[in-house]
Number of protein chains: 2
Amino acid sequence: MTEDHRPATNERKRGSGVKFVYDVLRDDILDLVLAPGSPIDEIQLAERLSMSRTPIREALVRLASEGLVATLPNRSTVVAPIDFLNMQAFFDALTLMYRVTARLAAQYRTEQNLDLIRAEQARFTRAVEKHDALEMIATNAEFHKAIAAAARNPYFATLSNRLLDEGRRLMRVYYSSFADHLPQPYVLEHEDIIAAIVTQDPAEADRLATAHANQIVSHIKALIARDDRMHVTL
Amino acid sequence: MTEDHRPATNERKRGSGVKFVYDVLRDDILDLVLAPGSPIDEIQLAERLSMSRTPIREALVRLASEGLVATLPNRSTVVAPIDFLNMQAFFDALTLMYRVTARLAAQYRTEQNLDLIRAEQARFTRAVEKHDALEMIATNAEFHKAIAAAARNPYFATLSNRLLDEGRRLMRVYYSSFADHLPQPYVLEHEDIIAAIVTQDPAEADRLATAHANQIVSHIKALIARDDRMHVTL
DNA sequence: GCTCAATTTTATGTCGACAAATAAAATACA
DNA sequence: TGTATTTTATTTGTCGACATAAAATTGAGC
């Protein structure tokens, strides 16, 4: 029975219910507070958040269409399992999105975009200095989301965000157990990518993003390889 | 007051309600039966499909997260407008997905995939011979969805399907008014792409898909150019 | 003691109703 | 007559309750 230590939910504005539930569940899923594959009880949730089941179901429908939960008809909804067998598809998609968003960001970024990208990079750097793995994972995702936003393409942005969320969950599987630290190179690689976006050099941004993606992919693959969960579908 | 000429909806199995509404609305939106930007009245829909508002709202949430409808808080839900201003983002995404799915399909396709791809191409060819523009648009989308399925990457498949649906809607804007016919080249280009997938030549599949995408993009651009709706957001 | 069937239980899918928020209509006022 | 303000009406967001489908439990038969 998990306690709910969020701001007093008793007084909420009309119409914000679904979004509230959506945010709560999304955070819990991405932070692995809710384990992949674990069932979500609508009634329990309704009681915990002190609201009716209707807004909760609507939030679940939305999460389902984003692939964060899976709905079994007439049976319980479960947190989306992590598919360790089809990991290559994830890596392919992540690499391509890194490349294309970096390339387009180099073309279309505004000063405002650069401000946000630099801010997220600063947060990431601080997390690395603190050796806070969980914070690193989260801020790394935000950094790449900022680049995706600068690319000015909602289709790519949507897919990128989905992949980054999925990746965040994947990394937590490993870093929540043994508190490790991400290799330093990532900070420098980010800096290089920023430089290419600032100077509006799409080809260079693409090249650097590719290298960066390869780095991360082999990193995750190494994590998976030294683990025996790889053949289990969580 | 649109009449509903679908199979008698009175007896439906439990749990199929949301999917039923989803399918009905989706079809109506993609076929432009529901005009972009037009409001969707939950109560009317509930009466027309003879069910309560709950499953209808859940279907709308799902459609919203797929970008087919837009929900204005505390106000009516509307069919997603077609954004003629940001069309380049759509073209970029479509081109990239054509390329990457063709490339991956050439690598990973099974015999079963080939069967489906050939079947869809046959349907497309028949539609072209009949000069049935609407059927062409639909079968063309299905052909590319079959390729996307063969690529064995759910992330790319999801984005591809979304873009193909959006494209279908876009084409209907033009072809529903003046019944034209798609240029013959498309049939041959499809055949070439199939050949590259059959012989498992990713580079060639990529090259052909790129050319095919460019063809379609310039086709749509021409349609838009000779129309004065381009600066209006439907 | 084990397997299968009937029964209970739990959780989902759907419904009708109420309350709040926005849009539309009606009224007052300059 | 045109504009601002109140009133009405429509429509959404949320609720509690009921019906139904699986799962869990119990009991019967071998």
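Not measured: the values here are computed from a predicted model. Convention: sequence-line order gives letters A, B, ...; per-chain numbering from 1.
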Kindly say if [X] contacts the phosphate of [N], meaning a side-chain N or O under 4.0 Å from OP1 or OP2.
X	N	answer
B:Thr54	C:dT14	no
B:Ser52	C:dT14	no
A:Arg75	D:dA23	yes

Separation of [N] [atom2] from [X] [atom1] (nearest whole Å):
X	N	atom1	atom2	value
B:Met51	C:dG16	CE	P	11 Å
B:Asp41	C:dT22	CG	C1'	14 Å
B:Arg57	C:dA17	CZ	P	18 Å
A:Leu72	D:dA23	CG	P	9 Å
A:Gln44	C:dA11	CD	P	8 Å
B:Glu42	C:dT14	CD	P	15 Å
B:Glu58	D:dC15	CD	C1'	14 Å
B:Ile43	C:dT22	CD1	C1'	14 Å

Salt bridge A:Asp31-A:Arg169, side-chain N to carboxylate O under 4.0 Å
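Answer for the salt bridge query: no.
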Using a strict threshold of under 4.0 Å (side-chain N to carboxylate O), is an ion pair present between B:Asp165 and B:Arg26?
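Answer for the salt bridge query: yes.
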Across the strands shown, which category fits A:Ile40 at heavy-atom distances under 4.0 angstrom: base, sugar-phosphate, nothing?
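Sugar-phosphate only.
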Is B:Asn113 reaching over with its side chain to a backbone N or O of B:Thr110, donor-acceptor style, under 3.5 angstrom?
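Side chain of B:Asn113 to backbone of B:Thr110, a donor-acceptor pair under 3.5 Å: yes, one is there.
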Tell me whether A:Arg152 forms a cation-pi arrangement with A:Tyr108, defined as NZ or CZ under 6.0 Å from the six-membered ring centre and within 45 degrees of its axis.
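Geometry flag: not set, cation outside 6.0 Å or 45°.
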Between C:dT14, C:dA21, D:dT14, which nucleotide gets closest to the side-chain atoms of B:Arg53?
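The answer is D:dT14, which lies nearest to the side chain.
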